[in-house]
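A quick write-up on the structure given underneath.
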Number of protein chains: 2
Amino acid sequence: MKRIYLDNASITPTRKEVLKEMVKYYGYEYGNPSSIHTEGVNAKKALEEAKKSLAFSINAHSDEIIFTSNGTEANNLAILGMKLEGKHAITSTIEHSSVLRVFKELEKRGLSVTYVNVDENGIIDLKELKDSLKKETVLISIMLVNNEIGTIQPISEIAHIIRKSGLSILFHTDASQALLYLDINIDKLGVDMLSMDGHKVYGPKGIGALYIKRRTIMEKELKLGTENLPAVKGFVKAVELAKNEQQKEVTRLCELRDYCIQKLEKECGAKLNGDRKKRIANNINISISNIDTEFLTLQLDAEGIAVSTKSSCLKDENESYVLKAIGNSNPKNAIRITLGRDTTKKNIDKLVKVVKKHV
Amino acid sequence: MKRIYLDNASITPTRKEVLKEMVKYYGYEYGNPSSIHTEGVNAKKALEEAKKSLAFSINAHSDEIIFTSNGTEANNLAILGMKLEGKHAITSTIEHSSVLRVFKELEKRGLSVTYVNVDENGIIDLKELKDSLKKETVLISIMLVNNEIGTIQPISEIAHIIRKSGLSILFHTDASQALLYLDINIDKLGVDMLSMDGHKVYGPKGIGALYIKRRTIMEKELKLGTENLPAVKGFVKAVELAKNEQQKEVTRLCELRDYCIQKLEKECGAKLNGDRKKRIANNINISISNIDTEFLTLQLDAEGIAVSTKSSCLKDENESYVLKAIGNSNPKNAIRITLGRDTTKKNIDKLVKVVKKHV
């Protein structure tokens with residue numbers, strides 16, 4: 001029985017084309033881009049081409065791209081580059097756990113942080129954000145798409161608020177969940193920094209990138225290890241493929257997503273978490289009252305379907321702070337279903353059938 | 001013309017067997033080890049097996065292994081896990097630049113650091129280390145093998161000094177350059193933490209590991225992202241292969257290394273940097289007076305031979321602080337030649353011939 005994998009927000013399987021590209025750079029072009037010999041020069045050239053391609057796909061310049069070990073490292077670089085003492089930063093209550101963890105740590109070291117709330121659909125409260133601005137504010141970090149409930153945040157509106165304030169603020173967005181399905185244009189978004197992650201876009205694990213706008217002054221020097229060229233090339237290939245297929249795939253997935261939501265609501269009494277419209281193409285997050293979703297997840301698994309109860313990054317916590325933030329009274333009762341390239345209508349029908357059987 | 005790659009201390013090419021192992025875990029077993037569905041459970045199982053194998057190869061327990069993004073991250077985890085205020089740490093003047101960078105940063109945050117000197121062969125001064133011990137000393141970090149001059153440090157003697165002192169000190173060693181050619185036995189070494197790196201052992205880039213002895217109390221909780229399973233599996237495969245071939249390969253390389261050193265000394269007037277005996281199997285570091293080694297490196301490159309003028313991690317610095325530390329009066333005049341699996345006697349003869357032509 002072929003398994004039905006519906007946990008693509010957690011990890012997307014690496015595409016065959018991506019793997020093929022990576023293999024080229026393992027064992028053959030093994031130069032260190034910092035070395036001056038031919039192997040090193042070739043590696044540097046390959047790296048520059050990769051930067052150019054990734055930059056192109058988000059309408060940036062290649063010198064604005066830094067490759068990192070993953071999306072988390074990109075977030076860390078963006079957030080940790082600032083001065084702390086007596087300064088102020090703004091983020092949201094539903095950021096990725098790795099981002100919140102860094103801010104909690106920085107609070108201990110003298111940074112003041114405002115955690116802006118979201119409405120019942122998981123959209124950031126722009127008025128609250130605006131009211132939080134101070135002359136000490138140096139950084140705002142708001143994710144483009146939430147990893148649990150898939151809501152798309154009004155990033156360009158926030159950029160507009162920042163510009164209008166006249167304050168000198170760096171604006172960062174974590175676009176890990178967005179890169180695959182949104183047409184990201186740095187100019188239109190108006191951000192200074194943007195994080196990306198390889199294993200969320202059918203690229204390899206172990207690679208991410210940070211876009212940093214030209215002339216952005218970081219307080220601390222960015223120092224990273226040897227670039228991981230095979231992973232870089234695989235990641236960039238994945239982004240190129242995604243961009244080529246984006247329009248068609250987003251249309252297909254949105255239809256499939258809405259079909260699935262409708263069926264789950266109608267036939268299983270599910271309640272949708274997050275915004276119905278401002279929602280990434282592949283995300284479905286539902287609550288079903290009076291059901292142990294951990295049990296349901298295991299039942300689905302036994303029938304060959306992989307879904308998730310919550311973000312797999314929340315190893316230790318018992319319940320989702322994202323669902324709590326949108327006022328869900330029982331954050332343990334949720335299932336996240338994230339569609340992917342292979343997902344078919346037949347898969348959805350099977351999923352709904354199994355869920356129905358157990359509710 | 002097949003190129004002769006003699007920069008293996010910088011990056012080793014990923015072995016075919018390793019790549020084959022990695023490919024198995026890309027696209028097929030794409031579970032997130034933290035997830036509860038079958039894909040996640042399989043990934044977790046595969047990860048546990050990998051930990052077991054790596055632990056076995058250094059005589060440790062599998063719960064003492066943490067996978068990281070690379071050797072640098074392993075070093076960072078080891079060093080940054082400590083409390084700083086009013087505390088004292090000891091390291092050496094010839095540690096890897098990434099380690100020294102962390103200590104310089106921690107000094108700013110209130111840690112007092114002693115940088116112990118090395119003798120003219122690059123071996124740590126044990127008396128100086130012993131005299132540096134204080135009741136505030138909480139961490140000692142000394143690399144097992146130096147990346148530039150290949151000297152093997154007396155790690156077990158240092159462990160003995162620490163034990164005799166009765167102080168409660170965590171002892172960390174960076175074994176990135178050592179894992180391939182030394183038989184590492186945690187019990188015999190007597191360290192509490194040990195860093196490893198994938199792309200120094202014919203494994204992939206983007207993966208490393210930290211051994212942490214059971215019951216070692218870190219002040220800060222270790223939080224890392226999703227494990228990079230394909231890279232983990234590739235890394236572990238590389239270590240298994242290396243361990244199987246180690247004895248034979250070390251004998252072969254030591255002979256080749258000593259042959260090369262002798263010829264360079266005799267025919268090209270080279271002077272060896274670092275210890276002649278306490279030296280890793282594949283490292284040759286020589287100085288030749290009155291020669292521009294950057295020019296020589298490019299000449300060698302034109303003839304198909306890749307060597308390095310200094311550690312490729314020293315992007316910004318002009319000259320080697322390691323060579324300065326051993327009293328080399330002209331640290332710009334050095335070449336590092338690091339042999340590998342493919343290196344033959346014929347390669348060495350060609351290298352010597354080209355060097356001879358240019359001196």
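Chain letters run A, B, ... following the sequence lines, proteins first and then strands; every chain starts at 1.
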Which pair of heavy atoms, one from [X] and one from [Y], lies closest together, and at what distance?
X	Y	result
A:Glu39	B:Asp301	OE1-OD1, 4.3 Å
B:Val307	A:His37	O-CD2, 3.1 Å
A:Tyr26	B:Met22	OH-CE, 3.4 Å

- Kindly check if the number of other-residue, nucleotide or ligand heavy atoms within 6.0 Å of NZ (A:Lys350) is above 12?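 More than 12 heavy atoms, drawn from other residues, nucleotides or ligands, come within 6.0 Å of this atom.
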
- Could you tell me which of B:Gly71, B:Gly206, B:Gly304, B:Ala306 has the largest number of non-hydrogen atom pairs under 4.5 Å with chain A?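 Heavy-atom pairs under 4.5 Å are most numerous for B:Ala306.
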
- Could you grab the distance from atom NE2 of A:His199 to atom CG of B:Leu229, nearest 0.5 Å is fine?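 Reported to 0.5 Å precision, the distance equals 12.0 Å.
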
- Query: Which distance, rounded to the nearest 0.5 Å, do you find between the CD1 of A:Ile11 and the CD of B:Glu227?
  - Reply: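 A:Ile11 atom CD1 to B:Glu227 atom CD measures 9.0 Å (nearest 0.5 Å).
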
- Message: If you count heavy-atom pairs within less than 4.5 Å of chain B, which of A:Val41, A:Leu298, A:Thr38, A:Val18 leads?
- Response: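 That would be A:Thr38.
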
